[in-house]
Amino acid sequence: MGQILNKQQNEAVKLIGCPVLIFAGAGSGKTRVLTEKIAHLVDEVGIPPEHILSVTFTNKAASEMKERILGLIRCDVSKMTVGTFHSVCASLLRKHINILGYENNFTIYDQNDAKQAIKNVIKSMDLDVKTFQPNKYQYLISNLKNKMIYPKDVLLKSDVYVDEVLCDIYTEYNKSLKENNAVDFDDLLLLPLELFEKENTLLQYYQKKFQYVLVDEYQDTNKPQFEFIYNLSKNNNEITVVGDDDQSIYAWRGADINNILNFSSSFPNATTIKLEQNYRSTKTILDAAYNVVSKNQHRADKKLWTDNEDGEPISINEFENENNEASGVIEDVLKNTQKNISLNDMVLLYRTNSQSRVIEDRLRRESVPYHIVGGMKFYDRKEIKDLLAYLRYLINPKDSISFFRIVNFPPRGIGKTVTDKILKNITNTDQDLSQTLESLPDLDLSAKQVQKVEDFLSIIDSIKETINLTALDTIEKLIDEININDHYTDKDNPEDYERLENIQELVSSISEFVERNDNNSVEDFIEEVSLLTDIDRWNMNEQKLTLMTLHSSKGLEFKNVYILGAEEGLLPLSHGDDDDDLEEERRLFYVGVTRGIEKVSISYANSRRRFGSGPMFSLRSSFIDSIPEELCSYNSDSKPSYVGRTLFSDRKQSNKKVLINKDSEFAVNDMVQHKLYGNGKITNIEGIGDNSKITIQFRGNIIKKFIKKYANLKNIN
DNA sequence: TTCACAGAAGTTTTT
DNA sequence: CTTCTGTGAA
């Protein structure tokens, strides 16, 4: 690490006075370039730290960056604005959101809260939640927001799924957020833009404040994020963005790869610098990764190279089922620990969170210490969410989602009749939650019911006395006031015991937070918790084996990387009916492979149990077949010449939908998928249209000829 | 109003 | 196989 910068890195660090786009391949030292550049800006160009904005992908990356800058120069990094888009935007909104008619103590709704809010909206519109599924609408609305399509535009846009109900739900949802004095994750990015538009002086202020803007992982920015940095830097053009189109894996949540591909047209006079020397991985790993990702049509042409050794072959391992896979991989992990590779030098990566379960079972049986990033998060546990809901309600008395969560928890005799009346009053009148609660007698409730709600409110009031003390004071008062410990120790089942432990853990993490920060009120704590990413909670120094999704692994590196479940339908994942983005899946695989420093092992199972039902046969991923054989070593069963006795079978086979998409055409050399023969390559096409005859070469040199309309072929290029 | 049970639905990736 | 939702009895 202490090496001098190479020519391109050095150029990237020193170049100022124009917009700079750095194409930084995996492991090319981009974090280093960013930190060196910031140090350069402060130390030599003379830009004061408070005039620098640096956007990172996780909060952890932000604090690491600050630390590394401190290692380079002496300056007050605390004055620098470094954080994720969401946290930077959130603190901007804390200062100015009142301009938009919210209050500055607004609540940040996570996905669950948002879903609940949408559900309430759908109910209040007298729609059936079975037909109009909150899940689905939340997804649709989030997508619209990511594309900056506002409710009024929904019906005008022809390229989106147009739905009047969607438009109404969207409108009502936004209204209810505002009435709750709450914003969702997407609003965090959108509202600053509204602010800039409404108050031009504010925009000017921030343009002056952020003289220099740096953005990491630029390939994963979406439209609002682009607009945010564009607005800030369009005048002085002092901006550096770093990214890699091959690692763009968030298109599904609105990331727009054109942000990076069209950077030069958005920012005239931009200079592009490519970092193509990889310092992380072996030649073998890079070669393997390149052979996969270069199959993509939409990518900027480039190739990483390295001075590192060839290293070990990619290990390809076939297993009978997911249990054997888990134990096989863990066996290998344990073998490595004998060779003095520590557990935290290895990582197990998979496509979906649900895959972790089998692995966990196995790890527990072998008593291997492990840590899972993501999945069922600590802060998702019921008892934790309940307590946090109290804290959030203390801060924002308009937050009805939190209110309904806790008003009758622990049970205090406030039932559905009461909550329904309150909800109705909020949704059907102009009164918000706190106004409603002030005029309870108007709600046509019995005196007893009113009293119970009043009792609840006085509990809240007494906890509120601690709101200006530390977060620790508040949580202790809260636990005391609601007697949560009694609620969980009534019955002595192990589940209750676990919940109490979790509550203890929450208290100790709050206590740690209080010690760590000067601003340590309950508001500060909730702010941090709301914006924590999965990776942020992960301590990479612990002697534990890490399990995470491929998505979470972005930006990290490990000596030994294991990729599990490399099977058609799982990696690449296919969702069924609509056209799946195979290119993005390929990039995801690329990200996984390029995390490896010394060795990458890829495994797949011939059959896998998909939730309750019996085992399904599965087929080795085509991504494995893209890696040249000479780079790989195989366990006994996984030689590529081996003709899979496997049947292609997943959800697709059972639902009788036509697999041929009208607009998907076939061409010679395309890879296609056949439900009996698996993957093959088209060697010849005779005729055109549905009656054309397609010749396909399958694995094991099996050649078959099909008539297109009967063949059920799927193009998997 | 509360608790307990049965049935249904659901697993893509995340700030 | 789990987690959530709704229904019915106490």
Side-chain angles (χ1 to χ4, degrees), chain A residues 55-61 83-90 108-112 114-116 119 129-130 133-136 138-139 142-143 145-146 183-190 217 220-222 224-225 248-255 349-358 361 373-377 380-382 407-420 446 448-449 452 490-491 529-536 548-554 565 569-576 578 580-581 584-585 587-589 591-592 608-614 650-651:
Chain A
V55 186
T56 56
F57 202 67
T58 62
N59 296 298
K60 195 185 204 69
T84 64
F85 272 104
H86 288 85
S87 60
V88 169
C89 287
I108 298 168
Y109 277 178
D110 69 17
Q111 226 166 201
N112 285 315
K115 195 174 96 188
Q116 198 59 47
K119 192 174 173 185
V129 285
K130 284 236 167 80
Q133 295 165 337
N135 259 331
K136 189 178 124 198
Q138 194 215 340
Y139 178 78
S142 179
N143 268 304
K145 286 188 175 185
N146 284 157
V183 305
D184 63 20
F185 281 138
D186 305 313
D187 287 345
L188 282 176
L189 306 171
L190 290 175
E217 305 286 5
D220 286 322
T221 52
N222 62 20
Q225 290 168 334
S248 151
I249 53 174
Y250 284 102
W252 54 272
R253 71 170 195 211
L349 302 177
Y350 37 79
R351 177 61 234 262
T352 62
N353 281 308
S354 55
Q355 285 170 257
S356 70
R357 179 165 249 109
V358 231
D361 284 349
V373 176
M376 175 65 171
K377 289 161 231 158
D380 279 345
R381 286 165 217 256
K382 183 195 176 299
V407 68
N408 194 34
F409 178 86
R412 46 176 78 91
I414 300 171
K416 204 170 176 324
T417 28
V418 178
T419 52
D420 271 357
S446 72
K448 219 175 177 180
Q449 290 169 323
K452 281 175 176 163
D490 273 355
K491 335 133 205 175
V529 164
S530 310
L531 296 171
L532 230 42
T533 67
D534 284 340
I535 292 287
D536 294 329
M548 65 173 93
T549 62
L550 287 157
H551 279 90
S552 300
S553 75
K554 192 174 67 163
L570 186 60
L571 177 62
L573 186 75
S574 64
H575 188 49
D578 42 15
D580 306 307
D581 195 343
E584 181 147 314
E585 295 293 314
R587 291 191 292 266
L588 191 56
F589 187 78
V591 166
R608 185 174 294 273
R609 199 177 286 270
R610 263 188 135 116
F611 47 121
S613 61
D650 65 5
R651 279 170 297 183

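Proteins get letters first, then strands, A, B, ... in listed order; numbering begins at 1 in each. The structure presented is a predicted model; accordingly, all values stated were derived computationally and were not measured.
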Expected rows: protein N/O vs nucleotides 8-10 of chain C N/O, under 3.5 Å:
none

A:Asn135 or A:Thr84: which one's nearest nucleotide on DNA chain B is closer to the 5' end? A:Asn135

For the pair A:Asn59 (side chain) and A:Asp536 (backbone), establish whether a donor and an acceptor sit closer than 3.5 Å, ignoring hydrogens and angles. no

Residue A:Asn353, side-chain atoms from C-beta onward, closest of C:dT3, B:dT14, B:dT15: B:dT14

Please state how far atom CG in A:Leu588 lies from atom P in B:dT13, giving the value in whole angstrom units. 11 Å

Backbone of A:Asn222 reached by a side-chain donor or acceptor of A:Gln225 within 3.5 Å: yes

In terms of side-chain heavy atoms of A:Glu585, which of B:dT14, B:dT15, B:dT12 is nearest? B:dT12

So, A:Arg587 side chain and A:Ser248 main chain: donor-acceptor pair closer than 3.5 Å or not? yes

Can you measure A:Gln225 atom CD to B:dT14 atom P for me and round it to whole angstrom units? 16 Å

Less than 4.0 angstrom between a side-chain N/O of A:Thr549 and OP1 or OP2 of B:dT14, yes or no? yes

When rounded to the nearest 0.5 angstrom, what is the spacing between CG in A:Leu531 and CZ in A:Phe85? 14.0 Å

Determine the contact category for A:Ser552: base if any of its heavy atoms lies under 4.0 Å from a base atom, sugar-phosphate if only primed atoms, P, OP1 or OP2 are that close, otherwise nothing. sugar-phosphate

In whole Å, I'd like the distance from the CG atom of A:Asp186 to the P atom of B:dT14. 16 Å

Need one value for A:Lys119: base, sugar-phosphate or nothing, where a base atom within 4.0 Å counts as base even if backbone is also close, heavy atoms only. sugar-phosphate

Evaluate the ring planes of A:His551 and A:Trp252, with Trp represented by its six-membered ring, and classify them as parallel (under 30°), tilted (30 to 60°) or perpendicular (over 60°). perpendicular

Here the distance between atom C1' of B:dT14 and atom CD1 of A:Ile108, to the nearest Å, is 15 Å

Classify A:Glu584 by what it touches in the nucleic acid, base, sugar-phosphate, or nothing, heavy-atom distance under 4.0 Å. nothing

May I have the distance from A:Leu188 (atom CG) to B:dT14 (atom P), rounded to whole angstrom? 18 Å

Between CD1 on residue A:Ile108 and CG on residue A:Asp187, distance to nearest 0.5 Å: 10.5 Å

Does the Lys NZ or Arg CZ of A:Lys382 fall within the cation-pi geometry relative to A:Phe409 - under 6.0 Å from the ring centre and within 45° of the axis? yes

Are the ring of A:Trp252 and the six-membered base ring of B:dT13 within the stacking cut-offs of under 5.5 Å and under 30°? yes

Rounded interatomic separation in angstrom, taking CD from A:Glu217 and P from B:dT14: 15 Å

Produce the list of close N/O pairs, under 3.5 Å, pairing protein atoms with atoms of nucleotides 1-9 of chain B; give distances to one decimal.
residue : atom : partner  : partner atom : Å
B:dT1   : OP1  : A:Gly415 : N            : 3.2
B:dT1   : OP1  : A:Thr417 : OG1          : 3.3
B:dT1   : OP2  : A:Thr417 : OG1          : 2.4
B:dT2   : OP1  : A:Gly413 : N            : 2.8
B:dT2   : OP2  : A:Asn408 : ND2          : 2.8

Winner on side-chain proximity to A:Leu573, out of B:dT15, B:dT12, B:dT13, is B:dT12

Which residues pass the side-chain contact (heavy atoms from CB on, under 4.5 Å) test with A:Ala61, sequence neighbours left out? A:Thr56, A:Thr58

Flag, side chain of A:Asn408 to backbone of A:Ile414, donor-acceptor distance under 3.5 Å: yes

Are A:Lys452 and A:Gln449 close enough that some pair of their side-chain heavy atoms sits under 4.5 Å apart? no

What nucleic acid atoms does A:Tyr250 come within less than 4.0 Å of, heavy atoms only: base, sugar-phosphate, or nothing? sugar-phosphate

Length of the CG-P vector between A:Leu349 and B:dT13, whole Å: 14 Å

A:Asp220 CG to B:dT14 P, straight-line distance once rounded to whole Å: 13 Å

Need one value for A:Thr352: base, sugar-phosphate or nothing, where a base atom within 4.0 Å counts as base even if backbone is also close, heavy atoms only. sugar-phosphate

